[in-house]
Amino acid sequence: MQDVVRVAASRRKILQGGMSLAAGFMASNSIVGQRAPIIPFNPGLMDFTPLSRADATGPWPTISSDYEFQILIPWGDPVLPDGPSFAYPTNADDQAAQIGIGHDGMWFFPDADDPEAGNRKGMLAINHEFGGNSHVLGKGDPESLEDVRLSQHAHGVSIVGIQREEGTWKVYDACGARRIHVNTAVTFSGPAAESELLQTTFGNSPLGTVNNCGCGFTPWGTYLTCEENFQGYFGAPANARPPWAATEAQTRYGFSENGFGYGWHLFDFRFNLAYGGYRNEENRFGWVVEIDPYNGGQIPVKRTGLGRFKHESVAVAVGKDRRVVAYMGDDQQFDYIYKFVSSEDHVKLRYEGESPFDHGRLYVAKFNDDFTGEWLELTIENSALSARFSSQAEILIFARLAADELGATRMDRPEWTTVGPDGTVYCACTNNSSRTVADAANPQAPNADGHIISWVDDDMHVGTRFEWEIFKLASDTHGTEESFSDPDSIYVDPDGRLFCGTDGGQQDGMNNQLLVADTVSGTVKRLFAGVFDDEVTGITMTPNRRTMFVNLQHVGNGNISRTNFPRIGDHRVPRDATIVITRKDGGIVGS
Ligand code: FEO
Ligand code: CA
Ligand code: CA
Ligand code: CA
């Protein structure tokens, strides 16, 4: 009982701390947003020596003195043990059999045959978000289709079998191991699958996934990879006739003549916005893609029911009546948070051979200043949309445009979402340097360092109303040993520890870091820090939680003068890699 009281008091303190900057938004109801905690207080929740601020820097990773780490699957390592080894620069064929670059979201799928062995063996599904030409090709611009193919094969997803042998994790010869990249066959499913807006003039079959950022996983054992900044891989030659002019939708999704400068469109016309034969090709990207990590022959499925936007990650929960709910952020300054709710019990739908993601409704969030919120329906039955959009497919394909119509809350770059054991949903709003007017849910203008917002939906995730609060403002930690900025990847474990990877400039000269926060007290401890110019992302664990995997992405921004991490094989370029984290005493990671 005492614990409950203490917890409620600290919960209120967090709430008030978060609201100090939102003063004026809460005048009408000072207790809205308080929620009784459901998690029992665990005194051993975060009993480790934190890595100090002073030690969280340098060209090599650092970790709490109670922990140790190992480096696994750097970019270019073979996906199968006897595959082509890393040479720099590699070539397109070899890269298609090697781990990609830009390690980001990932999930560990334990050995399906043996639950206990699953702590030592399983499939790691890992996203390869991006790698610039100068890093991957060793030159700024591609000079041939072969160069473009190498870049394309460095993107996508790896499914790799890993197992622990004598204390060391290694790649093994798993039958489900494979690479999925920009030229892998994919298929569409759900309400927009047959839309004309997904058909090109040529009628070419859908291929590939790109800019795979965060991820998710389903209760039925599949991996979800999220296509984020897909627009940056398209372009239009300046001398195109007729010249390319962006449509309203292309503008809203950020397409431009040069994109991110990859130059794919100059050799692979699929990415040339001015080329009429591939009209609508760009609508085939921006989706959540479902992958079976155990079946190497499965064709990845783009789930149109979850909408098209710059998908950061997806957190799937099982809600009332066993309906599945998916929470998703659209990572752009002033973009939105979405959720999908299946129409029925996911077990029943799957028994009938249907995907729960193909039957349901998409919503977008409106955060009211009184700490309540509403999920606004993105359906053709919504009269606010039926005048402008002609079909459900059009609403899903141009979800951003539909959400604009509904007056959803423009957030500070919503990155990862995660659902805690008590049903609280968290979203990391990483920063927003462009904000000039604060609101309660985005209470800093500009928002230089980000915040984590949380909410609880009515009706066990399936309702259309919620109560929210600010879990943490990053700037509140500055000047203390809890200091962090730019929260990005987040994951709450079954004990209610919130792990957070950062991506952005940290205070006090620190590198990006992995933190653990007690979701009850709000206390933060630093577990690990990466290397110069990287980000820490992609948090996943074995079932017994004795092994954690995280990723170091864009290490040194590809610049060998900043770091030669991880010094395996060729030393001419730093290589993104996975980090395996264990407690020296074999305990639960984070405890
Ligand atoms: Fe790929 Fe928004 O991070
Ligand atoms: Ca990233
Ligand atoms: Ca991110
Ligand atoms: Ca980020």
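Values below: all heavy atoms of this structure, side chains included; hydrogens, waters and symmetry mates excluded. Order of appearance sets the numbers: ligands from 1, and atoms from 1 within every ligand.
Remark: the backbone N or O of Met46 is paired with a side-chain donor or acceptor of Lys525 at under 3.5 angstrom.
Here the rule is side chain to side chain contact (heavy atoms under 4.5 Å, CB included) with Met123, and of Ile159, Asp292, Val160 only Ile159 fits it.
Within the cation-pi definition used here (under 6.0 Å to the ring centroid, within 45° of the axis), Arg567 qualifies as a partner of Trp60.
Applying the side chain to side chain donor-acceptor pair (under 3.5 Å) test to Asp331 and every residue at least two apart in sequence or in another chain returns Arg413. Residues passing the side chain to side chain donor-acceptor pair (under 3.5 Å) test with Thr90, sequence neighbours excluded: Gln98. Residues passing the side-chain contact (heavy atoms from CB on, under 4.5 Å) test with Pro414, sequence neighbours excluded: Ile337, Met411, Cys427.
Neighbouring protein atoms of the Ca ion (ligand 3) (N, O or S, distance under 3.0 Å, waters ignored): Glu312 OE2, Glu415 OE1, Asp488 OD1, Asp488 OD2.
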